[in-house]
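Before any comments, here is the structure.
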Amino acid sequence: MNTLSASAGWRWIREGLTLFRKRPGQFMMLFTAYLMVLIVLTFIPVVGSFMQALLAPAFSMIFMTACAQIDRTGEVNTLQLRAA
């Protein structure tokens, strides 16, 4: 396991905020869509909580794909997020 300095953590946070500043509206839209899906799944009695746990990795991948896309081209394409 690698040991990193505290400055590596701060650098990671700073890079994340830089990505957010490039397209804050798109990140907020993505996060809002994620919350809406979670809220809808909450109303499904038994399967809802299972689906939330099942979809969490997929949403993480969508967020990572969006970050990579913004880093490369500066814009998120929804068709590319669908493929993730």
Side-chain angles (χ1 to χ4, degrees):
M1 184 145 96
N2 295 339
T3 303
L4 299 174
S5 65
S7 64
W10 284 111
R11 187 171 46 252
W12 182 75
I13 291 171
R14 190 172 54 243
E15 289 171 4
L17 288 174
T18 302
L19 276 178
F20 179 78
R21 280 189 219 121
K22 284 183 180 179
R23 296 284 180 191
Q26 290 179 343
F27 276 117
M28 284 189 269
M29 179 194 65
L30 241 145
F31 186 69
T32 303
Y34 173 62
L35 285 179
M36 295 308 260
V37 168
L38 289 181
I39 289 170
V40 168
L41 288 175
T42 302
F43 291 116
I44 302 172
V46 176
V47 181
S49 60
F50 176 71
M51 289 300 293
Q52 286 177 351
L54 194 65
L55 290 175
F59 277 108
S60 296
M61 192 65 185
I62 289 172
F63 278 108
M64 286 188 283
T65 303
C67 288
Q69 187 67 24
I70 287 174
D71 197 28
R72 270 187 259 126
T73 64
E75 190 168 324
V76 175
N77 185 351
T78 54
L79 292 176
Q80 290 174 337
L81 293 179
R82 240 182 34 193

Review point. Does Phe20 reach the side chain of Met28, with side-chain heavy atoms less than 4.5 Å apart?
Key: yes
Check your understanding: Quick check: are there more than 12 heavy atoms from other residues, nucleotides or ligands sitting under 6.0 Å from CZ of Phe31?
Key -> no
**Study point:** Joint hydrophobic cluster, Phe59 plus Val40, side-chain heavy atoms closer than 4.5 Å
**Key:** no
Point to revise | Single-linkage hydrophobic cluster, 4.5 Å side-chain cutoff, Val37 and Phe63 together | key: yes
Point to revise | Co-membership, hydrophobic cluster, residues Leu54 and Val47, 4.5 Å side-chain | key: yes
Practice item. Rounded to the nearest 0.5 Å, what's the gap from CG on Leu19 to CD on Gln26? Could you check? Key: 12.0 Å
Revision key, fill the gap. dist Lys22:NZ -> Ile70:CD1 (nearest 0.5 Å) comes out at 8.5 Å
Check your understanding: Can you list the residues that meet the side chain to side chain donor-acceptor pair (under 3.5 Å) rule with Ser60, with sequence neighbours excluded?
Key -> none
Show which side-chain atoms of residues 10-17 pair as donor or acceptor with protein atoms under 3.5 Å away, not counting sequence neighbours.
none

**Study point:** Whichever hydrophobic residues join Leu4 through chains of side-chain contacts under 4.5 Å
**Key:** none
Review point. Apart from Val46 itself, what residues make up its hydrophobic cluster, given side-chain heavy atom links below 4.5 Å?
Key: none
Check your understanding: If two hydrophobic side chains count as joined below 4.5 Å and joins carry through other members, does Leu55 share a cluster with Met36?
Key -> no
Check your understanding: Can you name the side chain to side chain donor-acceptor pair (under 3.5 Å) partners of Ser7, sequence neighbours left out?
Key -> Ser5
Review point. If two hydrophobic side chains count as joined below 4.5 Å and joins carry through other members, does Ile39 share a cluster with Tyr34?
Key: no
Practice item. Name all residues meeting the ring pair (Phe, Tyr, Trp, His ring centres under 6.0 Å) criterion together with Phe50; count only those two or more places apart in sequence or in a different chain, and write none if there are none. Key: none
